[in-house]
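Structure record follows, encoded as structure tokens.
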Amino acid sequence: MLLAVMPIYTYKSLRAAGSSGAWFRRAVLLRLAAFLALSTPLVWLAVCAERSQLSTIAIEQSRLDVKNLARAFSEEVNSTISTVDMSLLHLRTHWEQGHEGFSTQVERLNKELHGRVIMQVSVTDAQGRLVYSSARPANGMDLSDREHIRVHLEGHGDVLFVSHPVLGRVSGQWSVQFTRPIYRGGRLDGVIVASVAPAYFSRFYADIDLGPDTSIALVRYDGTVVARQSRNGSGDIGKVLRGYPYYAWRTDKTEKAGYFQRHGQLDGIERVYAWRDLPNYPLTVTVGESLADANAHYDKQKTILVRTGVVANVVLALLGWVAIAAADNRRRAVKALAEAEARWKLALNAAGEGVWDWNLATAMLNLSARAQALLDVATPAIACPPDTLYQTIHPEDMGRVIRALRDHYEGRTPDFMAEHRVRQRDGRWSWILARGMLVERAPDGSPLRMIGTFANIDERKNAEEQIIHQAHHDALTGLPNRLLFGDRLQQAIRAAQREQTRLAVLYFDLDKFKPVNDTYGHAVGDALLVEVAKRVAGTLRESDTLARLGGDEFVVLLPGCSEAMQARLVAETVLAQLNLPFVADGHVLHISGSIGFALFPDNGLDSEELLRSADVAMYSAKSTGRGRVCGPDEHLPVAA
Ligand SMILES: Nc1nc2c(ncn2[C@@H]2O[C@H](COP(=O)(O)OP(=O)(O)OP(=O)(O)O)[C@@H](O)[C@H]2O)c(=O)[nH]1
């Protein structure tokens, strides 16, 4: 059958349709390339966005750091300058009260301040000539041209002045001059000068490692670098910075602190800067952390991010490859399935077979056009729960169908096959051969889906029935033959045994039949035999069986007959019919018959014995004159 050779595509077989070669198919590789061309930029866009986010965080963190440092630095520097200023005021008081013991005061003060700041102290007269120096003997040198002296000689009031850093000609050391005017009697009497090494202002940060490119500077109101802690060491002291936003303090006093980001003027390094004005002095502190240092804190995270991107890209590529290869496999399998389906449907249609697909989970039966015609249903999909099969299947076939289904479900048969009748819409029964096989089971093993075919077998069934009929019936009269009669007689005997009843058999042979044949021909003899069968059958009950054993011999089974009298009565009735004239093929014929009968169990305990008894009785009737009925007890006359 076609079903046996056609491929059955199940989910498993679809999966199996894929092969390792699928990975390297051109179509798969092209799709993978397209997938990667789309997904890779997305992955790296995400990585770049995250890296940029980290850079933003780095700069924000850096701003916070430099802001805090600028505040701390400004407080420290302010404290140092206050110390210097307080010391100047203290020494000025001494100087104003008299010059004696002034050197001692200076030494004592330096001792007290040791560790915080060490100052050299000088004093000029009202003309700017040096009258005292803690570093060397006063030689009356004219210092009136120096900015930090001149500013007081010009009279700008009692304010602290901070000078440009000056590189000592002899010492080679930088110093910054802090000066205040000296008054006597309300008039300018000179200038007191404290010289301080700029390193004092940034020493506090020498030990703080913010990164190699961090810059901490103290800048004068005109942009002059007073002190700077950077990779350049003290090399930048005295240089003038231009164009920085913190100059605004001179015009716009509202801004006292702020940020900016730029390339450093002194070393070209890009930094995040925080600046803050000293509250009481014309100085600004700046702290700058290089972007490279700020970002270095997040280098590890950035490296991890890049590695994550690489891993994500690889994983995405592999997953994409698997998914694309699987999709390609499935597409090919489905295509192969469609082609195969088309092929075998064509083959099945050509063979006149209908295809059915029964979903047991939804109880829906899908039918091809041919299957629909065979079942004689109006739609290609019908509800068909297993317990409604009896509505369409012939009751006599139902048990066989259910058994075949159960055998297949339980694995005893490789496929399902059953021949059964189905009811047509006009009420007729039509024979079909149903074949099928389970293609899907639930995880618990219960059947989910079956597919199969229907074929109409009416013709074969009719032929079979005809053969069976011919094997059991007499071709001339249509009566049961010896075989069928023997079968029915055995069944009747078994029933009589079970029910403790009796039955009778008549055995009769026509008298003077041969002359009919001889006189009118065989065809007339045949016609007479047919008429005899009809007439005798007409005298019997439906439950009786009239059979032709051959020639002009007939038997009758009387299942309900329990008395010899009854049997005799039936035999007499049959005989009366045989004695009546027959018309066969236009000829009026007169025959008769000799009838013997026997009873079960009286005259035989099985069919053969019983028939033999009836035959013997018939022979008695024949030999005692013909045209009569004889029972089993009526013996043959003793031969003369
Ligand atoms: N026409 C016809 N004749 C048959 C058929 N079968 C057997 N015969 C004939 O039927 C006759 C039966 O023989 P007998 O029963 O001895 O002949 P009979 O004349 O009835 O003799 P008795 O029974 O002694 O009265 C034979 O001539 C057979 O050839 C048949 O199917 N058709």
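All ligand and atom numbering here is 1-based and tracks the order in the structure.
Residues lining ligand 1 at a heavy-atom distance below 4.0 Å are given as D509, L510, D511, K512, F513, K514, P515, N517, H522, G525, D526, L529, R548, G551, D552, K622, R626, ordered by chain and residue number.
Remark: side-chain polar atoms of S623 are paired, donor with acceptor, to backbone N or O of S620 under 3.5 angstrom. Panel note: side chain D585, backbone V524; no donor-acceptor pair is recorded below 3.5 Å. With W431 contributing its side chain and E419 its backbone, the two residues share no donor-acceptor pair below 3.5 Å.
Taking the charged nitrogens against the carboxylate oxygens, R400 and D397 do have a contact shorter than 4.0 Å, which makes a salt bridge. Ion pair K514/D552 not flagged as a salt bridge, since none of the NZ, NE, NH1 or NH2 atoms sits closer than 4.0 Å to an Asp/Glu carboxylate oxygen.
Between W358 and W356, the ring planes are perpendicular. Angles over 60° get that label, and only those under 30° would be called parallel.
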